[in-house]
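See below for the structure under consideration.
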2 protein chains.
Amino acid sequence: MRDPLSHLPGYALRRAAHVIMVDLSTRLQAVDLKLSEASVLLLIDGRDDITSSEIGRILDIQRANMVPLLNRLDAQKLIQRRPLDRKSMAITLTEEGKKRLVRTKAITQAFETDLLARIPQEHRDHFVPALNALWMADSSTA
Amino acid sequence: MRDPLSHLPGYALRRAAHVIMVDLSTRLQAVDLKLSEASVLLLIDGRDDITSSEIGRILDIQRANMVPLLNRLDAQKLIQRRPLDRKSMAITLTEEGKKRLVRTKAITQAFETDLLARIPQEHRDHFVPALNALWMADSSTA
DNA sequence: TATTGTTATACTCTATAACTATA
DNA sequence: TATAGTTATAGAGTATAACAATA
C-alpha cells in the first residue's frame with residue numbers, strides 16, 4: 001500500500017476534496033472565475049432580491065470577504081447592485097453575467113458528470129447523501 | 001431548501017471536507033498539533049527509515065513545506081533526524097513523540113468513529129471507497 | 001438591539017523558484 | 001543527471017475586529 005492513511009475517512013475526505021477542487025478550479029479558468037465566484041453566480045441565478053449577507057450565510061463566506069469577491073464580479077460587469085432599502089443591496093446578474101453563467105453551468109455540469117463517473121457505480125448514489133449528512137443541519141452552525 | 005447547491009457532488013464534497021477538518025483541527029489542539037503534523041506522526045509510526053521527501057510525496061506536502069513542519073515537531077522534541085547517508089535523513093519518533101502519538105491516535109480514532117456515525121448506515125460503507133476512487137491512482141499525479 | 005455593508009488586517013496553508021551538496 | 005534538504009518568498013483563502021448607518 002502506498003498510503004497507509006487512506007483507510008481513514010477524514011484523511012480520504014481531505015485528499016479527495018483537494019484533488020477535486022484543483023480540477024474544478026482549473027476548468028473554471030476558461031471563464032475567468034474562481035471557485036467562490038462561480039458558486040456565487042450559480043446561487044444568484046433566478047433570484048432578484050438576494051443580498052451579499054444572505055449569499056455569505058448560504059455559502060459560508062464571511063460578510064467581510066464577500067466585499068472583494070463581489071467587487072471582482074462587478075469589475076467584470078457580471079453583477080449589479082440595486083438598493084432594496086437604504087441599508088441592503090440586491091445582487092443581480094447583468095446580461096453579461098447571465099451569458100457567463102451559461103458557460104459556467106456547462107463547465108460545472110461536465111465537471112460533476114466526470115466526478116461521478118470516477119466513482120464505482122455501486123458507490124455512486126451514496127456519495128452526495130453521505131457528504132450532506134456531514135455538514136447540512138449541523139447544529140454547531142446554528 | 002436552504003442551500004440550492006447542495007445537490008452538486010463537488011460542492012457537497014467541499015462543504016463536508018471543510019466542516020470535518022475544522023472539527024478535527026479543534027480536537028487536535030488538545031495535543032498541540034496541526035492536521036499536517038498529526039498526519040506526519042501517524043505516517044512515521046512503525047518506520048525507522050522514512051525521509052522528509054518520502055513523507056511529502058505520500059502526504060502530498062511540498063518538500064519545501066516539510067522543513068518548517070518537521071522543525072516544529074523537532075522543537076517539541078517529538079521527532080529526531082538520523083543520517084541515512086550524507087544526503088538523506090531518516091525521520092523517527094522520539095520517546096516523547098511516541099507518547100504524543102498514542103494520545104493523537106486516541107483523538108483521531110474517536111474523530112473517525114464520530115464522523116462515520118453521522119453518515120446514515122446505508123451509505124456508510126460506500127464512503128471511503130468512493131472518496132479514494134477520486135484521488136488514489138490518479139494518473140495526473142504521475 | 002440586531003443587521004448591513006465596509007475597511008483593514010492577520011493568519012494559515014500552499015506553491016514556486018533557486019541553491020548547495022550528494023546519490 | 002536526478003534527488004535531498006533547505007531558504008526565501010509569494011499567493012490564495014479565510015478569520016477577526018471594528019465602524020457608521022439603518023432596520
Side-chain angles (χ1 to χ4, degrees), chain A residues 11 13-15 17-26 28-29 32-40 49-75 79-92 135 140-142, chain B residues 11 13-15 17-26 28-29 32-40 49-75 79-92 135 140-142:
Chain A
Y11 180 79
L13 178 56
R14 190 160 115 98
R15 294 298 298 268
H18 180 250
V19 166
I20 287 311
M21 289 310 120
V22 168
D23 177 2
L24 180 53
S25 298
T26 304
L28 286 173
Q29 288 176 4
D32 198 23
L33 292 174
K34 299 182 182 188
L35 263 169
S36 55
E37 294 163 357
S39 64
V40 167
D49 60 346
I50 197 169
T51 64
S52 171
S53 291
E54 188 178 354
I55 295 170
R57 274 192 297 271
I58 294 175
L59 298 181
D60 194 30
I61 300 173
Q62 306 296 321
R63 234 167 44 249
N65 295 330
M66 285 300 301
V67 179
L69 195 166
L70 291 180
N71 284 346
R72 287 194 300 269
L73 293 177
D74 199 13
I79 61 159
Q80 53 197 0
R81 294 166 160 102
R82 177 175 54 84
L84 284 176
D85 50 39
R86 279 183 301 176
K87 186 168 76 166
S88 301
M89 306 283 264
I91 309 297
T92 56
W135 70 274
S140 74
T141 313
Chain B
Y11 180 79
L13 178 56
R14 190 161 116 96
R15 294 298 298 270
H18 180 249
V19 166
I20 288 310
M21 290 310 118
V22 168
D23 177 4
L24 180 53
S25 297
T26 303
L28 286 173
Q29 288 176 4
D32 198 22
L33 292 175
K34 299 182 183 189
L35 263 170
S36 56
E37 294 164 357
S39 64
V40 166
D49 60 346
I50 197 168
T51 63
S52 171
S53 292
E54 188 177 355
I55 295 171
R57 273 191 298 271
I58 294 175
L59 298 181
D60 194 30
I61 299 174
Q62 305 297 319
R63 234 170 41 248
N65 294 330
M66 285 299 302
V67 178
L69 195 166
L70 291 180
N71 285 346
R72 288 193 299 270
L73 294 176
D74 199 14
I79 62 160
Q80 53 197 359
R81 294 166 160 101
R82 175 175 55 84
L84 284 176
D85 50 38
R86 279 184 299 175
K87 186 166 77 165
S88 301
M89 306 282 265
I91 310 296
T92 56
W135 71 275
S140 72
T141 313

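The figures that follow rest on heavy atoms only: side chains count, while hydrogens, waters and symmetry mates do not. None of these values were measured; they are calculated from a predicted model.
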Looking across every strand, which nucleic acid part, if any, lies under 4.0 Å from [X] by heavy atom: base, sugar-phosphate, or nothing?
X: R14(B); answer: sugar-phosphate
X: M89(B); answer: sugar-phosphate
X: T51(A); answer: sugar-phosphate

5' priority, DNA chain C, between I91(A) and V22(A) [closest heavy atom]: I91(A)

How many Å lie between [atom1] on [X] and [atom2] on [N], as a whole number?
X: E54(B); N: dT3(D); atom1: CD; atom2: P; result: 14 Å
X: L35(A); N: dG11(D); atom1: CG; atom2: C1'; result: 16 Å
X: R72(A); N: dT14(D); atom1: CZ; atom2: P; result: 10 Å
X: M66(B); N: dC13(C); atom1: CE; atom2: C1'; result: 14 Å
X: N71(A); N: dA8(C); atom1: CG; atom2: P; result: 12 Å
X: I61(B); N: dT12(C); atom1: CD1; atom2: P; result: 16 Å
X: L69(A); N: dA12(D); atom1: CG; atom2: C1'; result: 13 Å
X: Q62(B); N: dA12(D); atom1: CD; atom2: P; result: 16 Å

From CD1 (I91(A)) to OG1 (T51(A)), nearest 0.5 Å: 7.5 Å

Side-chain heavy-atom pair E37(B), L69(B) within 4.5 angstrom cut-off: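 Result yes, sub-4.5 Å side-chain heavy-atom pair found.
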
4.5 Å side-chain heavy-atom contact, S88(B) and D85(B):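 Side-chain contact under 4.5 Å: yes.
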
Side-chain donor or acceptor of S39(A) paired with backbone N/O of S36(A) under 3.5 Å: yes

Side-chain N or O of [X] closer than 4.0 Å to phosphate OP1/OP2 of [N]:
X: H18(A); N: dA12(D); value: no
X: S53(B); N: dG5(D); value: yes
X: K34(B); N: dC13(C); value: yes
X: R86(B); N: dA23(C); value: yes

Options dA4(D), dG5(C), dA23(C), nucleotide nearest the side-chain atoms of S88(B): dA4(D)

Options dA4(D), dT14(D), dG5(C), nucleotide nearest the side-chain atoms of N65(A):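 Within the option list, the nearest is dT14(D).
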
Nearest-nucleotide 5' precedence on DNA chain D, D85(A) against R63(A): R63(A)

Most 5' of V67(B) and R57(B) on DNA chain D, judged by nearest nucleotide: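 Residue closer to the 5' terminus by nearest nucleotide: R57(B).
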
Residue from L24(B), L35(B), L59(B) passing side chain to side chain contact (heavy atoms under 4.5 Å, CB included) with Y11(A): L59(B)

For R81(B) against V67(B), the heavy-atom pair lying closest together: NH2-O, 4.2 Å

hbond_proxy K87(A) side chain to dT4(C) base (donor-acceptor, 3.5 Å cutoff):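 No such pair is found, so the answer is no.
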
